[in-house]
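Written below as structure tokens is the structure these notes are about.
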Amino acid sequence: MKKMHAVDVSIDSNGEIAIHQEWNDMNHDDPVVTISKEQAGMVASWIIEAAQKESKFVETEPTISVNFYSRGPEAESEELSIFNNQRGMVVLKIDDDNFIEMSPKMAKRARDQLTKAISESIGTMFTSDDEV
């Protein structure tokens with residue numbers, strides 16, 4: 001069983017980051033973890049790393065079914081726009097000749113995987129230089 005307690009992050013009187021977790025136990029004080037601002041990035045990357053080890057989502061996530069329309073390898077860089085077409089499909093449009101069309105269900109799956117990928121990249125961004 002997994003349970004999540006309320007978490008509060010603030011700056012204490014010494015200018016350090018205080019992470020409070022609310023347990024609502026009358027017999028014990030709520031736990032507080034204090035870290036320096038310099039440690040914040042490293043701790044964030046450790047948390048994300050631990051979450052990745054638990055989920056291993058890259059290998060277990062289902063694929064996203066899409067229709068990809070392209071004019072070939074000679075295509076130039078373009079800007080991406082996202083919208084719904086008249087059939088209710090989600091369209092990722094690169095240009096008039098190149099677009100990806102997917103169902104709303106597949107778009108939700110893509111959004112979930114993008115969210116996870118973004119979280120991982122942010123964790124990597126906070127990794128200190130000596131860990132890279």
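Annotation: side chain to side chain donor-acceptor pair (under 3.5 Å) contacts of E16 (sequence neighbours excluded): none. Legend: residues meeting side chain to side chain contact (heavy atoms under 4.5 Å, CB included) with P31, ordered by chain and number and at least two apart, are Q21, W23. When the side chain to side chain donor-acceptor pair (under 3.5 Å) test is applied to N84, no partner is found at least two apart in sequence or on another chain. Annotation: side chain to side chain contact (heavy atoms under 4.5 Å, CB included) contacts of K105 (sequence neighbours excluded): S103, R109. With sequence neighbours excluded, the residues satisfying side chain to side chain contact (heavy atoms under 4.5 Å, CB included) with S10 are D8, A18, H20. Checked against side chain to side chain donor-acceptor pair (under 3.5 Å), E38 has the following partners two or more places apart in sequence or in another chain: S36.
When hydrophobic clusters are built by joining Ile, Leu, Val, Met, Phe, Trp and Tyr residues whose side-chain heavy atoms come closer than 4.5 Å, directly or via intermediates, V33 is grouped together with V9. Cluster membership check: V90 does not share its hydrophobic cluster with L114, using side-chain heavy-atom separations under 4.5 Å among Ile, Leu, Val, Met, Phe, Trp and Tyr.
Between P104 and G88, the shortest heavy-atom distance links the atoms CG-O, 3.5 Å. For the residue pair K93 and F83, the shortest heavy atom distance occurs at CB-CE2, 3.7 Å.
Considering V91, L80, I82, N85 in turn, V91 is the only one that fulfils the side-chain contact (heavy atoms from CB on, under 4.5 Å) rule with F99.
Using a 4.5 Å heavy-atom threshold, the side chains of I17 and I11 count as touching.
Distance check, rounded to the nearest 0.5 Å: CD1 of I35 to CG of D12 gives 10.5 Å. Expressed to the nearest 0.5 Å, how far CE of M106 lies from CD of E101 amounts to 13.5 Å. Within the model, atoms CG of L92 and CE of M102 stand 4.5 Å from one another, a figure rounded to the nearest 0.5 Å.
Heavy-atom neighbours of D29 CG from other residues, nucleotides or ligands within 6.0 Å: at or below the threshold of 12.
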